[in-house]
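Working notes, beginning with the structure itself.
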Amino acid sequence: MATMKNESLKPMETMTNMPNKGAWTAEEDRKLAEVIAIHGARRWKTVAAKAALNRCGKSCRLRWLNYLRPNIKRGNISDQEEDLILRLHKLLGNRWSLIAGRLPGRTDNEIKNYWNSHLSKKIKQKGKQTGVSAKEDHRVEK
DNA sequence: AACAGTCTCAACCGCATGGAG
DNA sequence: ACTCCATGCGGTTGAGACTGT
């Protein structure tokens, strides 16, 4: 998805020294991966500076973790994975990073998105049938 | 074909936490 | 003990894709 919006980088943003916002370009991805290969995936402020992307360390980290990292599974979440997510969510609540840790190749962002767009609806429907709301179901104290 | 409504997902934001000094 | 800074996390947003009318 990110790549298909790449061409639409607003001219204003490229002209100013404002930090880049919006979708990453293939070129940015390449630079980021290159810097991480040399310096490692830590000290994100340094990585951002070395890559000279006009992106903050936070953005670089997120991009790496959710998209560029090796061994990332993309697309279809299997029935087993879905079942695991449901069970872990019941156990842990909205602790997406913990849940993601149990699903090799999946990112917390992906699981969070999947939950919000698919599973929360399923739960709601179930809740309507059983009288238990999705919210009540996964509340957890920090 | 055109439009409106809905869905999906990458990316951003703000806050919390932890470590260094 | 305190402050500052970097990092991590979860919630939210928004643009494009998709679907229905």
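Throughout, protein chains are lettered first and strands after them, A, B, ... in sequence-line order, and every chain is numbered starting at 1.
- Regarding A:L53, its CG atom lies at a distance of 13 Å from the P atom of B:dA11, rounded to whole Å.
- Across the protein-nucleic acid pair, A:R42 atom CZ and B:dG18 atom C1' stand 18 Å apart, rounded to whole Å.
- Cation-pi geometry between A:R55 and A:W44 is not met: the NZ or CZ atom fails to fall both under 6.0 Å from the ring centre and inside 45° of the normal.
- Under the salt bridge (charged side-chain N to carboxylate O under 4.0 Å, His left out) criterion, A:R102 pairs with no residue at all, not counting sequence neighbours.
- To the nearest 0.5 Å, atom NZ of residue A:K45 and atom SG of residue A:C56 are 10.5 Å apart.
- Listed pair A:S97 / C:dG8 fails the phosphate criterion, with no side-chain N or O lying under 4.0 Å from OP1 or OP2.
- Side-chain proximity of A:A23 to the nucleotides C:dG10, B:dA11, B:dC9 is greatest for B:dA11.
- Every salt bridge (charged side-chain N to carboxylate O under 4.0 Å, His left out) that A:R106 has, sequence neighbours left out, goes to A:E81, A:E110.
- In this model, no donor atom of one side chain and acceptor atom of the other lie less than 3.5 Å apart for A:N113 and A:H118.
- Between A:W96 and A:W115, the ring planes are tilted. Angles from 30° to 60° get that label.
- At the phosphate of B:dC7, neither OP1 nor OP2 sits under 4.0 Å from any side-chain N or O atom of A:H118.
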Within the sub-3.5 Å range, which N or O atoms of nucleotides 13-15 of chain B have a protein N or O partner, and how far apart are they?
from   : atom 1 : to    : atom 2 : distance (Å)
B:dC13 : OP1    : A:K21 : NZ     : 2.3
B:dG14 : N7     : A:K58 : NZ     : 2.9
B:dG14 : O6     : A:K58 : NZ     : 2.7
B:dC15 : N4     : A:K58 : NZ     : 3.3

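- Not one side-chain nitrogen or oxygen of A:W96 sits closer than 4.0 Å to the OP1 or OP2 atom of C:dG8.
- Between A:L65 atom CG and C:dC9 atom P there is a gap of 8 Å when expressed in whole angstrom units.
- The nearest whole Å value for the distance from the CD atom in A:E110 to the P atom in B:dA10 is 7 Å.
- Rounding to whole angstrom units, CG of residue A:N116 and P of C:dT12 are separated by 9 Å.
- For the pair A:W44 CH2 and C:dC9 C1', the interatomic distance rounds to 15 Å; values are reported in whole Å.
- Of the listed nucleotides (C:dA6, C:dG10, B:dC12), C:dA6 has the atom at the smallest distance from the side chain of A:R43.
- Here the C1' atom of nucleotide C:dG8 and the CG atom of A:L98 are 12 Å apart, to the nearest Å.
- Taking 3.5 Å as the limit, the base of B:dA11 and the side chain of A:N66 contain no donor-acceptor pair of atoms between them.
- You'll find that the side chain of A:K112 is closest to C:dG10, out of C:dT7, C:dG10, B:dA10.
- Among C:dG8, C:dT7, B:dA10, the nucleotide with an atom closest to any side-chain atom of A:R61 is C:dG8.
- When the shell of 6.0 Å around CZ of A:R69 is examined, it contains more than 12 heavy atoms from other residues, nucleotides or ligands.
- With salt bridges taken as basic N to acidic carboxylate O contacts below 4.0 Å, one links A:R30 and A:E27.
- Rounding to whole angstrom units, CZ of residue A:R55 and P of C:dA6 are separated by 20 Å.
- With distances taken from any side-chain atom of A:N113 to the nucleotides C:dA6, C:dT12, C:dG10, the minimum falls on C:dT12.
- A sub-4.0 Å separation between OP1 or OP2 of B:dA11 and a side-chain N or O of A:R63 is present.
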